[in-house]
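Beneath this line is the structure, given in structure tokens, with notes to follow.
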Number of protein chains: 2
Amino acid sequence: MAASVQLALEQLKMNGVRMTPQRHAILSYLMDSKSHPTADEIYKALSPAFPSMSVATIYNNLRLFVEAGLVRELTYGDDSSRFDADLSDHYHAICKSCGQIVDFGYPPLLEVEKAASKETGFTVQGHRMEIYGLCSSCNTTAK
Amino acid sequence: MAASVQLALEQLKMNGVRMTPQRHAILSYLMDSKSHPTADEIYKALSPAFPSMSVATIYNNLRLFVEAGLVRELTYGDDSSRFDADLSDHYHAICKSCGQIVDFGYPPLLEVEKAASKETGFTVQGHRMEIYGLCSSCNTTAK
DNA sequence: ACGTACAATAGTAATAACTACTATGAAGAA
DNA sequence: TTCTTCATAGTAGTTATTACTATTGTACGT
Ligand SMILES: [Mn+2]
Ligand SMILES: [Mn+2]
Ligand SMILES: [Zn+2]
Ligand SMILES: [Zn+2]
């Protein structure tokens, strides 16, 4: 994991992006995490190590990473965005009770893209799909 | 269209929800519309007829309709929600350039729900899926 | 190592969508 | 009509995110 952070930041440096401790910390945290954290969760997690770090720095760098294609942003209505450094092809299942986001694999829905293109005349660039329900632990807890 | 508005409001009356001109206007507008409008678009559209109507009234009633199952809310990250009174089974294609939302039909993705349930242990309640790309008019305009 | 240029940061103000709150007004029951 | 209750208008508050600005720090050439 640590190696690929270095690699990613080297990659960025080509485009005039400088290596800073904050940047390194945010990206490492995301790459080590499986929890799809929010900007604020990242902020709280890194605060002990970087007591003076600004929330704006978190947002700035997350946007930078997303634009560089190193991280994916997951948006959910009014709630805060979540971020995923796992670029592999996968979908998400979201628990309506506790909010946790779990990865799952499934072949990309190319059929639907084709059908949509044919019916709407769109030039399709991609799609979004996610499953909603109750995770196993919330399911046993709730009646 | 006008008939089903009456029907819907009769339905609501059973649950102690009163019929008001604003409520009627908002629901009619949504049912006549194919454009998946935002709260603000509805507000602007009805302002001439209801010059004193409050934005809060739009939000209050949209929430009421959504909770009553008369309207579906479509959420998109930071952007404002859009509302759809078409309850029939359909998906959406969204233009990344002009933002328009177009309906298209496709059989519900039950396979994916099953697969997700098996892999994650979730009790699946539903899913969200939409296509992104360029609509035909934006496609010809842009180089 | 040193100096310079300019990107990045911290801190804060601003924005935008939405919600909460409160006093006034109107439906509908009796 | 009178009373109860719900809805409305108007406004203040909330929250996530962005914009702005002065200061700091990184990288590169010397
Ligand atoms: Mn993921
Ligand atoms: Mn629709
Ligand atoms: Zn859960
Ligand atoms: Zn378009």
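Owing to the predicted nature of the structure, the values given are computational and were not obtained by experimental measurement. Residue numbers start from 1 in every chain, and the chains themselves are labelled A, B, ... in the order their sequence lines are given, proteins ahead of strands.
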Are [X] and [N] close enough that a side-chain N or O sits under 4.0 Å from OP1 or OP2?
| X | N | result |
| --- | --- | --- |
| B:Thr57 | D:dA9 | yes |
| B:Tyr59 | C:dC18 | yes |
| A:Thr20 | C:dA8 | no |
| A:Gln22 | D:dG25 | no |
| A:Arg23 | D:dT26 | no |

Enumerate donor-acceptor pairs with a distance under 3.5 Å from any side-chain N or O in residues 61-71 of chain B to protein atoms, sequence neighbours excluded.
residue : atom : partner : partner atom : Å
B:Asn61 : OD1  : B:Arg23 : NE           : 2.7
B:Asn61 : OD1  : B:Arg23 : NH2          : 3.2
B:Asn61 : ND2  : B:Thr57 : O            : 3.0
B:Arg63 : NH2  : B:Asn60 : OD1          : 3.4

So, do A:Cys95 and A:Tyr132 sit near enough that their side-chain heavy atoms are less than 4.5 Å apart? no
A:Leu109 side chain reached by A:Tyr91 side chain, heavy atoms, under 4.5 Å: yes
Once you round it to whole Å, what is the distance between [atom2] of [N] and [atom1] of [X]?
| X | N | atom1 | atom2 | answer |
| --- | --- | --- | --- | --- |
| A:Met53 | D:dG25 | CE | C1' | 16 Å |
| A:Leu46 | C:dA10 | CG | P | 11 Å |
| B:Lys44 | C:dA16 | NZ | C1' | 12 Å |
| A:Leu62 | D:dA16 | CG | C1' | 13 Å |
| B:Tyr76 | C:dC18 | OH | C1' | 18 Å |
| A:Tyr43 | D:dT17 | OH | C1' | 15 Å |
| A:Arg82 | D:dA16 | CZ | P | 11 Å |
| A:Glu67 | C:dA8 | CD | C1' | 15 Å |

Does the B:Glu10 side chain pair with the main chain of B:Leu7, one donor and one acceptor, at a distance under 3.5 Å? no
Quick one: do A:Arg82 and A:Glu73 make a salt bridge, cutoff under 4.0 Å? no
Quick one: do A:Arg72 and A:Asp86 make a salt bridge, cutoff under 4.0 Å? no
Map B:Asp78 and B:Pro51 onto DNA chain D by nearest heavy atom, then report which one ends up closer to the 5' terminus. B:Pro51
If you look at every strand shown and take non-hydrogen atoms under 4.0 Å, does [X] touch a base, only sugar-phosphate, or nothing?
| X | result |
| --- | --- |
| A:Ser81 | sugar-phosphate |
| A:Asp40 | nothing |
| B:Val55 | nothing |

With sugar-phosphate taken as primed atoms, P, OP1 and OP2 and all else as base, the protein-contact string of nucleotides 20-30 of chain C at under 4.0 Å (heavy atoms; B, S, -) is B-----BB---
OG1 (A:Thr75) and CZ (A:Arg128) are apart, to the nearest 0.5 Å, by 4.5 Å
